[in-house]
Structure formats: C-alpha cells, structure tokens
Amino acid sequence: MKRFVLTIVLTVASVAAWCQAPGTTPVKVSNETQMLHGRKYYVHIVERGQTVYSISRAYKVQSYDAVTHVDIHFLHAGDTVWLPYRGQFGDDQQEAAAPKSEPAARQTTPKNEPAAQQPTPKHAKRTGVTVQESKPAAPPAVRKVGRTLKVALMMPLHLNQIDEISTTKFDIEQRGKRSYRQFEFIEFYEGIRMALDKLVGQGVSVELNVVDVSANDTAKVSEAFVSHRVAESDVLIALLLRECFDKAADLAREAGIYIVNPMATRSDICAENPYVVKMQPSTAGLVTRLLNNVGTECQRAHLYIIHSGAKAERPVLDEMKRQLDARGDIRYTLFNWSQNAKLATVLKKTPGAAVVSIYDQGKDQNRVFVGNLLNRLTSLKQGTPVLYTLGDWTREYGDVDFNQLQNLNYHTFATGWDMTNDVHVEFLKDFRTLYGNEPTSPLAATGYDLTMYIVGGLHRKGADFWNAPGGASEGLTQPIHLVRSGAGLENDRAMIYRMQELVLVPVSFK
C-alpha cells in the first residue's frame, strides 16, 4: 500500500503586508557588547529607516547572523538587534575572558538565543595588523527528519482562471496555440509526482503540500507560510518569480528549513542565505566546464570571446576573464562585435581557433546576430573554428541551421532530450505512460531530478544530508552535485554537448 499523501492548498485570501523598504539612515556602530553562552555580541538599537541588512553591513557580519525579537522584515525604531562580535573593531580574545555585565537599564537577552555555532562570513578576520583567513561558512542546524518526509511545493497554479479555458471546436482549431497560464508549470509538478511515486515504491513515506501562489505578491507568500504550515516542512521547493522567491527564502531562513530554487541562474540568492539550494549551475561552474573542454579538445587554440559590451553580458565576461587569467593555458582575445565586424578576417590569421559567443543584446538582435555569425564562421574555407555557447541555440532559435552548427563542431550546454541516453529515453517513456504525452519543456525533468536527489537523500541520510549532500547522479536526466557556494548550496555540475550527425551528444565530464 502506497504511503503517499497529496494535500493541495489554495491561497485565496488577500492579506495586506508591509515590508520595510531599504533605509537610508546611517548606521552608527555601537561599542556596547554582551556575552551570551560564551559568545560576544554587539547590541544595536534600531533607528527609524534602518534595516537588518543595513545594520549587518555596518557591523561587517552576515545578515542571517543577526538576532532579533521580531521578524527581521518588521523592525521598528527602538528594537534591539544583536550582532556577533567578529573582531573587526578590536581584539575580542581578551574581552571574551572577562565578559561585561548586562546593563540594568535595558533587558538585552533575546527571546531566541543565538545558536552555539554560527556561519562565518567570507572575509579575513583582522586583529591589530595580523590577518587570518576565516573558516568556510558552516551549514546551519536543522531539525530532525521524521519518518514521513514533509515536502512543500509553492508555485503558480492559477486555479482561479480555470473557467477561462475553452475546449470548443472553434477555439481548439483557431486558437490552438493560445497559452493558458494554468499550464505553464504543470509539467514541473508532473515531474515531481513521477519522482515521488517512484520513491514511494521504494518505501519512502512522503507528504506533499502544494500551495498555489499565482499572484506575484509577497503578501501571499507570507500568508501561506502561516496559514498552510509551510514552516513545518522538511524542505520547500519554490518555483516562484524573483520577488516572491526572495520573500520565501527569508521566511525559510527564519523557520530553519531549506528552500530549493529550481530555475534561477543568479548566484546572489546563495550569497547570504545558508538555507537556499540553487539547482541550476552557476555562471562560474558553466565557465569552468567550458574552458576545461576548450583546453582539452582545442589544445593550443586561440580563444575569441564574442561580446557586444552589453550590461547583460558582464557577469559571464568577468568570470571568463577571471578564470582565463588564473589558469594561463589558453590564449584569448575579447572581440566586441558591435565595434568591429571583421571577425572572418581576424580568424583567417589564426586558423584552428575556438570561438565562444556570449553576445546578448536582446531577443530580436540576438536572432539577427546568430545568423550573421554562423554565415561568417562557415565562410572560412580553411581552419574552421570550433563554436561554443552557454545557451543552447538549437532550442533558443527554431530556425537555426543545424548543418552550419555541425560544420563548426558546435558545443553547448544542452537542455533538450538525448535519445542516445537510456535514462532520458526511460524518463520520456514513463512520462508518456503516466500522462499520455511527452513533456514539452525541460521543467518536467528538473522537477523529477531535484526530487529524486533531495527527497531521496533526506530519506537515506536524514538531516545529515544537508551537511554532506553530495551523491551519485545515476538515474537523473542531468547531473547534480551540491556544494556550498557563498552561504547556500549550489549545483556545480553541467553537461556539455557537441553537434554530431545533426544531433547534440554528451561529452564526458572533466
């Protein structure tokens, strides 16, 4: 008998919520300190317009280390914030031996006293003129996992728009391509259900709590945490827009539960929150994988990085320059397409080169650029370069010429299906058996993979999984390997593919 419980919870009430906007009031560092359980803290009294983030920055500590009586998003003037003494403003070793007494004028003991072990920020600890490297951030403590794993899923279902769906013959024929918002993420949910069904068959007891957060409204997220007991979960999977995810991540941190972001590529979500799990590989991870392939398959080749100087390209360009300068085994040239269109002339002088395109001027301009770039690269009669991209052009541009890509020995990070991969074939077969059709997007596989990896890992290891989440990726459509990045966890695996016989085939991981 299966032990799978599905609870669908619809958030419908509208609750007004006030979120403190970032303040502009300067933060004056207090010299008042207090010893609590053998650790020393600064005692700071909040002034109007200050936030826990601005206060933490002033004291040079991570914001999640701050201890308050109330929700950190609802600080008021006169509230007290306790911040770990890190030694930036003096030698804390001497004072630790002789703790100060608590001032009689004000009670300064937090209701929730800070844990004995706190994550250490990634900056050097200064004592006088001596600089010591700080230890890596330690994983935060979590409560013990019970026999039944409690999984919360927050995502937009748009159930209030069900009546808008038309199934008349006219609408199916004339507006068959109409996109209903209710179905945007349904395949992600179906992938999660597939994984849970498989885990239940292996003896895993799971309770799934599905919460609809259709509106891009942080108040709905706050309400759901309370009214639908999301904070009692062992793990929260949140497929939400940026503002709502950031709010959910703050609430998850306060509740001490891990929150999984399936699709975000921005690394900043892991920077300060130790409970965030980012499933998409980081820019650094993608660049490392790409450069390793260039160094192996294009030895002694000159690498040309095609860009336009656009702001959207800056994170990738900076990371590439940083890694290339650090490794030193690949010669490279930055080529600004917007300022110099003579790429073919340049490449004729360096036959056998490699080209990586990070050009990003927006959807319409990108499409024109792709066609022009492929035409110029394939016009070279000798020494055709190898082309690399971080995004999969075979999926991003439906009219791209596969023959041109193959002539350029195209390499990319594919997000489609590899029909030479037994795992992919089996996944598609199972999905079709369950739901009557094949998935149209990689979201289904993403939901399946993260559920098998995380829920399966919690079943095997309990709460210790978060301390050592690494494990095998057998049975997953894409590799997963979680490591600490900043404060949170991030997947550092990415599979690179190359065009062969007009299809993308995987290159072995190195």
Side-chain angles (χ1 to χ4, degrees), residues 121-124 126 131-137 265-272 278 280-361 369 373 377 383 385-391 408-413 481 483-488 490-498 507-510:
K122 286 188 169 181
H123 53 67
R126 300 181 180 274
V131 178
Q132 300 176 342
E133 291 296 326
S134 61
K135 296 181 180 179
T265 57
R266 56 190 180 103
S267 295
D268 62 295
I269 62 175
C270 294
E272 293 190 353
K278 177 176 171 292
Q280 294 302 313
S282 66
T283 297
L286 292 175
V287 171
T288 298
R289 180 71 183 95
L290 186 149
L291 294 181
N292 285 346
N293 185 273
V294 171
T296 300
E297 297 193 10
C298 308
Q299 293 183 11
R300 294 181 296 278
H302 196 107
L303 178 65
Y304 288 88
I305 303 173
I306 311 300
H307 68 101
S308 69
K311 182 178 180 181
E313 303 162 354
R314 181 56 55 185
V316 178
L317 186 60
D318 289 346
E319 183 61 31
M320 281 196 166
K321 289 167 60 179
R322 185 189 69 80
Q323 292 197 28
L324 283 164
D325 292 340
R327 58 188 295 158
D329 62 327
I330 300 175
R331 294 177 301 153
Y332 73 95
T333 298
L334 303 181
F335 191 95
N336 191 324
W337 182 272
S338 300
Q339 297 177 0
N340 186 352
K342 298 181 179 180
L343 178 62
T345 302
V346 174
L347 290 175
K348 286 179 181 179
K349 300 178 181 179
T350 53
V355 172
V356 55
S357 173
I358 63 170
Y359 182 100
D360 188 3
Q361 283 277 11
F369 161 77
L373 177 65
L377 294 181
V386 178
L387 174 63
Y388 290 84
T389 63
L390 273 70
L408 295 170
N409 194 18
Y410 179 56
H411 285 62
T412 189
F413 296 95
H481 182 258
V483 296
R484 286 280 163 192
S485 176
E490 186 172 55
N491 181 18
D492 72 345
R493 288 290 186 267
M495 182 64 72
I496 196 167
Y497 287 70
R498 67 167 171 261
V507 178
S508 59
F509 186 85
K510 294 179 181 179

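For clarity, every value in this text was computed on a predicted model and none was experimentally measured. Along the sequence shown, residues are numbered consecutively beginning with 1. Any value given below was found using the heavy atoms of this structure, including those in side chains, with hydrogens, waters and symmetry copies removed.
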Taking side chain to side chain donor-acceptor pair (under 3.5 Å) as the definition, give me every residue that meets it alongside His302, ordered by chain and number, with sequence neighbours left out.
Thr333
Got a sec, which pairs hit side-chain hydrogen bond (donor to acceptor under 3.5 Å, both in side chains) with one end in residues 304-313, sequence neighbours left out?
Tyr304-Thr350, Ser308-Glu313, Ser308-Gln361
So do Ile305 and Leu324 actually touch side chain to side chain, heavy atoms under 4.5 Å?
yes
Sequence neighbours excluded, which residues qualify as side chain to side chain contact (heavy atoms under 4.5 Å, CB included) partners of Asp268?
Arg242, Arg266
Listed by chain and number, what are the side chain to side chain contact (heavy atoms under 4.5 Å, CB included) partners of Thr283, not counting sequence neighbours?
Val287, Val316, Glu319
Any Leu303 side-chain heavy atom under 4.5 Å of Met320 side chain:
no
Non-neighbouring partners of Tyr388 that pass ring-ring contact (aromatic ring centres under 6.0 Å, His included), sequence neighbours left out
His411
According to side chain to side chain donor-acceptor pair (under 3.5 Å), who are the partners of Tyr359, at least two apart in sequence or on a separate chain?
none
Going by the rule side chain to side chain donor-acceptor pair (under 3.5 Å), which residues pair with Gln280 if we only count those two or more places apart in sequence or in a different chain?
none
For Pro385, side chain to side chain contact (heavy atoms under 4.5 Å, CB included) partners two or more places apart
Leu347, Val355, Leu377, Leu380, Leu408
Which residues satisfy the side chain to side chain donor-acceptor pair (under 3.5 Å) test with Arg327, sequence neighbours excluded?
Asn292, Asp329
Verify, without hydrogens or angle tests, whether Arg484 (side chain) and Ala487 (backbone) share a donor-acceptor contact under 3.5 angstrom.
yes
